[in-house]
Amino acid sequence: MNTFIVRIISEENSTWQGQIEWVDGKQTQNFRSMLELIRLMDTALSQESEGENIT
């Protein structure tokens, strides 16, 4: 099971900016848009299925 903690810090230009923490991967990254947030989550899940670590 994968767990992400998403912190929305601000909302500008009709999208969110904030921080995502991947609990299982023990990593935290900032994001500047909702699209970037989704891409970070997708990358984390893809790399986990391949047995790699996210950078």
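Panel note: side chain E12, backbone Q17; no donor-acceptor pair is recorded below 3.5 Å.
Between T15 and M34, the shortest heavy-atom contact is OG1-N, 2.9 Å. Of all heavy-atom pairs between Q19 and N30, the closest is NE2-OD1, 3.4 Å.
Under a hydrophobic clustering in which Ile, Leu, Val, Met, Phe, Trp and Tyr are joined whenever their side-chain heavy atoms come within less than 4.5 Å, directly or via other members, V23 and I20 fall into different clusters. Linking Ile, Leu, Val, Met, Phe, Trp and Tyr whenever their side-chain heavy atoms come within less than 4.5 Å leaves L35 and I8 in two separate clusters.
Note that CD of Q27 is 6.5 Å distant from CH2 of W22, once rounded to the nearest 0.5 Å. L45 contributes atom CG, which lies 11.0 Å from atom CG of L40 (distance to the nearest 0.5 angstrom). For the atom pair CZ (F4) and CG (L37), the distance works out to 9.0 Å, reported to the nearest 0.5 Å. The distance from atom CZ of F31 to atom CZ of R7, rounded to the nearest 0.5 Å, is 10.0 Å. Put simply, CD on E11 and CG on N13 are 10.0 Å apart, with the number rounded to the nearest 0.5 Å.
By the neighbour-count criterion of 12 heavy atoms within 6.0 Å, atom CZ of R32 is sparsely surrounded, having that number or fewer from other residues, nucleotides or ligands.
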